[in-house]
Each structure stands twice: as C-alpha cells, then as structure tokens.
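Data first, discussion second: the structure below is written as structure tokens.
Side chains included, hydrogens not; waters and symmetry mates left out as well; all remaining heavy atoms used. What you see is a predicted model; the values in this text were computed from it and never measured. Along the sequence shown, residues carry numbers from 1.
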Amino acid sequence: MESLEKRFQGLENEQKSLKQGGTSLKAVSGLSRDEVVQVFSDLSSSKEAALKEHILQEGAAKTEIELATIKKEQQHSLQEANEKINRMSKEIEGQILQLRTEVKSSPQNMKEIFTHDVGKLETKLLSLQQELEAVRKAQSEISLQMKSVPEQIRGVKDEVQSLFPVWFQSNMERKDGGSASLSEIFLRRDELEKYLVELERKILAGVTADKQLWASQAHVNIDRELQASGLSGVSQEEVYEIVNRALQRYSEDRIGLVDYALESSGASVLNTRCSETYETRTALISLFGVPLWYQSQSPRVILQPDSNPGNCWAFRGSQGYAVIRLSSRIRPTSVTLDHIPRSLSPKSTIASAPKEFSVYGLVEETQKEGVLLGNFTYNQNGNPIQTFPLQGKNISTFDFIELRIQSNWGHPEYTCIYRFRVHGEAEP
C-alpha cells in the first residue's frame, strides 16, 4: 500500500507538470491537449490495473500462507483431541471391566457388609437401652430427692433463723408486719462513702472546735494559776504565746523531731528475723458462726503514726527483732518508742509493753551483727512517748537500724510495739 501511494503521488506530480507545460508540449509534439490527457489517462489506467493485480497476488499469497498455518494448527489440535479421546475411552473401558468384576462378586460382599452393619446397629441399640434404663433410675432418684426438698428447705430456714442475729431479724421486720428488703437495711457503696465523708467532716469540725475550746480554757486556767501564784508580771499575751507554743509542739508529731523511720517518708521494715507475729483467734468476719478472716497487724504498723489501742505489731513471746531501712542515710542521735497510756488500756495495764531493748546500726541489710548504739529501758509508768538519746560520741552514718526487744513488762504470750522512731542528722 505504501508503494502504491508513492506511485499515485508520482503520477499526480507528473500530471501537474504536464498541465503546466501543456502548451509547450503541444508545440513540440504537434498533439492537442485532449490527446495528451487521453494518453496519460490510458497510461495511468494501465499502471493502476497492474498495481491492483500485484496487490491481489500479494494478498492471495499471504492468505494461502495463513490458511496453511491455520490448517497445520487445526491438524495438531485434532491429533491431540484424538489422543485424549483414546485415553479416556481406554480408562472408561477399564472402569467398566472393574464394575463388571465387582458386580459379579457383590452378593457375597453385600452380605458381609449387611451382617456387619446389623451387628453395629444391635450394639448401638443395646447401649441405648442401657442409657434409657440409667435415665429411668436417675429420674426415680430425682423424684425422691424432689419429695425431700421441701423438708430440707424448712430445715435450712430453721437453721438460718437460729444462726442469724436477732437484731437482723428485728431490722428485717417492719412496723406494719411486713419484711424489709436488704436495700432498706444496708447501704450502697456510694451512699456509704458519702456518709463517711460527712462523718469525717463532722469529726474534723468537732476536733477544731474542741481545740479552740481547750485553748481558750487553757488560757483562762493558766492566767488564773499565775494570778493565784502571785506572778502578776506575766501578761495575757505571754500566756497566749506559751499556750500556742505548746499547741505547735503537739502538732509537730508531739516531740518536734524528724522521724527517719516513718513509712510514709520512704522507710520500711525489711525483715523480723526469727520473730513470729502473734495472731489472735478472735474472728473479725464470720458467717453463720464460721470464721472467714482473722485480724493481725504486720510489722509495718510500727512505722506508722496511728497509735490507737490495738493498732500495734504483736509478736509471740518477749523477744523480737525488726530490721528497718531508713528513709535516708543519717547519723542517728536518738530513738523514740511509743506505747498507749494505762488510761487507754481496757485492763488499765500495759504488761505487753517492751521493757529492755537495744538499738544497732547496720551498714547492709544482710549484716547479722551491727554496731551497738545503746541499751535502754522503757518505763511503763512514764510518758507513753519516751525518747532515748544514743550512747557514744563518734557515731557513723547508717542506712539500716535494728531494734531488738529483750523483755516486756510481764505479759506471758506476746509483746506489742506501737511505734518506733529514729532521729538524727541527715547526710548533706
């Protein structure tokens, strides 16, 4: 097609050139314009026919080549399909032969299979009969138990009524003769927390009012005592200053010394060596007479400021140990041992209070024998909070302090420590 286009383009160019030089050609050749056009038309027609014939021949050749290729591919595909059909026919013939063989021998095999299946069904039927018999027995037992359930419920009810506190039954009974629900007797957690916050606010307000009242009464009493003693040179302002100083001293942990064994400041009880915590057998929580939890304080309580009666570490016997990690490395100067006063003891005695005790300084926690810092005696008739200066001048710094209780004031079973404090000079 490209060569044909080039030839037509050449013919158009020749025709243009002939049109432009038509006059000169006529003069030279002696032919008219129409004759020249007719000559070139015949020439172009003959060339066009030759080109068409050439194109047709080329197309026919290409078509024959493509037909030969397609025929070859179809013959190859047909050969592959014949091979597949032959293979499949052979396989089908083999399967037909196998089925014929199986059909010939099937009566005996079917009989064996049928016998085997019948045996399985008989076994399953026997197991089902056994299970059905067991279900019947269980049903009869359950029916007997159901008959005895009302009697058991009445027995449990009688037992609960005999074990339940009388006050609970009285609270459960309404004035109108009905029974109150548990939600009317017990508080929810949020209600309890709200009541506790309100109670705490009232207690703090009462403590503040009592403190102000006590301060005013103390001012009046001190002023009266000074006037009765003839000390008229002391003014009322000086009395107020003395009382405020005493109240300030009381608010500073009652002794005005830094406690490096305070748990909230970072101190802790590392171990108690061979001391055994004494556990009371009075149950704190019980249900229907069965104890659920017994109260016992851990050694941590000796590093806490709460010294209410009973809030102490009780260890078995009269000898006990406690190794304490201080909140910081210090040069110890004194120790303080707290106990409750006799007036707060239920039996007006403090026989479980420590009597003789020793204090040792330790460099490491695993050190068995430390540096003796002093032997002391707690006076049961003295102040409940007693401070003991340490013996020795050149005392080094320590991170650990060991308290050794050697005896008590006569209690045969246990010894109580309410609080132990360590005072000193911190390392810069």
Side-chain angles (χ1 to χ4, degrees), residues 255 257-263 265-279 296-305 307 311-340 350-425:
I255 58 175
L257 296 175
V258 179
D259 181 14
Y260 291 95
L262 187 64
E263 185 182 45
S265 297
S268 60
V269 177
L270 298 179
N271 65 69
T272 57
R273 300 198 188 277
C274 58
S275 303
E276 179 184 357
T277 300
Y278 182 83
E279 294 184 356
S296 61
Q297 296 288 2
S298 69
R300 292 176 45 204
V301 74
I302 68 174
L303 306 184
Q304 299 170 359
S307 297
N311 191 33
C312 65
W313 175 48
F315 57 87
R316 191 176 297 278
S318 60
Q319 295 183 355
Y321 306 85
V323 178
I324 301 168
R325 181 199 295 273
L326 302 177
S327 58
S328 60
R329 189 178 182 87
I330 66 167
R331 179 175 287 103
T333 57
S334 60
V335 295
T336 299
L337 193 63
D338 294 23
H339 204 80
I340 60 171
I350 53 173
S352 63
K355 184 178 180 182
E356 297 177 348
F357 66 96
S358 304
V359 178
Y360 291 82
L362 303 179
V363 179
E364 297 178 353
E365 175 188 354
T366 57
Q367 187 176 354
K368 294 184 178 179
E369 194 67 28
V371 179
L372 178 64
L373 301 179
N375 297 310
F376 311 101
T377 301
Y378 182 84
N379 185 7
Q380 66 170 344
N381 298 318
N383 196 315
I385 303 175
Q386 299 180 20
T387 302
F388 305 91
L390 299 183
Q391 303 166 1
K393 297 181 180 180
N394 299 323
I395 299 177
S396 59
T397 57
F398 299 99
D399 287 320
F400 307 93
I401 292 294
E402 180 181 2
L403 171 64
R404 296 184 184 179
I405 305 297
Q406 299 168 356
S407 62
N408 61 18
W409 283 99
H411 201 288
E413 296 182 1
Y414 58 86
T415 303
C416 287
I417 304 177
Y418 277 83
R419 186 180 179 185
F420 178 69
R421 319 184 201 188
V422 180
H423 317 292
E425 301 172 356

Exercise. Would you say the side-chain atoms of Arg329 and Thr397 include a donor-acceptor pair closer than 3.5 Å?
Worked result: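 Per modelled atom types, Arg329 and Thr397 side chains form a pair under 3.5 Å.
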Problem set entry | Any side-chain donor near an acceptor of the partner, Ser318 and Thr415, under 3.5 Å |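 No donor-acceptor contact under 3.5 Å links the two side chains.
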Minimum-distance pair of heavy atoms, taken over all atoms of [X] and [Y]:
X: Gly320; Y: Phe315; value: N-CE1, 3.3 Å
X: Leu257; Y: Ser334; value: CD1-OG, 4.3 Å
X: Trp409; Y: Pro354; value: NE1-O, 3.2 Å
X: Asn408; Y: Gly317; value: ND2-O, 4.2 Å
X: Ser358; Y: Leu372; value: CB-CD1, 4.2 Å

Could you check if a side-chain atom of [X] sits within less than 4.5 angstrom of a side-chain atom of [Y], using non-hydrogen atoms only?
X: Pro332; Y: Ile395; value: yes
X: His339; Y: Ser352; value: yes
X: Ser328; Y: Tyr260; value: yes
X: Asp399; Y: Leu326; value: no
X: Ile324; Y: Val422; value: no
X: Arg419; Y: Ile385; value: no
X: Lys355; Y: Thr377; value: yes
X: Leu390; Y: Phe376; value: yes

Reported [atom1]-to-[atom2] distance for the pair [X] and [Y], which is rounded to 0.5 angstrom:
X: Ser275; Y: Ile405; atom1: OG; atom2: CD1; result: 9.0 Å
X: Ile302; Y: Leu403; atom1: CD1; atom2: CG; result: 6.5 Å
X: Phe400; Y: Asn271; atom1: CZ; atom2: CG; result: 10.0 Å
X: Thr333; Y: Leu373; atom1: OG1; atom2: CG; result: 10.5 Å
X: Cys416; Y: Ile350; atom1: SG; atom2: CD1; result: 11.0 Å
X: His423; Y: Phe388; atom1: NE2; atom2: CZ; result: 10.5 Å

For this session: Taking atom CZ of Arg300 as the centre, report whether more than 12 heavy atoms of other residues, nucleotides or ligands fall under 6.0 Å from it.
Result: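 For Arg300, atom CZ is not crowded (no more than 12 foreign heavy atoms under 6.0 Å).
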For this session: Would you mind checking if Arg273 and Glu369 are paired as a salt bridge, meaning a charged N to carboxylate O distance below 4.0 Å?
Result: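 Judged by the 4.0 Å cut-off on N to carboxylate O distance, Glu369 and Arg273 do not form a salt bridge.
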Exercise. Do Phe357 and Phe420 have their ring centres less than 6.0 Å from each other?
Worked result: no
Problem set entry | Any donor-acceptor pair under 3.5 Å from Gln386 side chain to Asn379 backbone |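 Between the backbone of Asn379 and the side chain of Gln386 there is a qualifying donor-acceptor contact (under 3.5 Å).
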Problem set entry | Name of the residue among Ile417, Val269, Leu303 meeting side chain to side chain contact (heavy atoms under 4.5 Å, CB included) with Trp313 | Ile417
Problem set entry | Residue among Thr387, Asp338, Asp259, Thr336 satisfying side chain to side chain donor-acceptor pair (under 3.5 Å) with Arg421 | Asp338
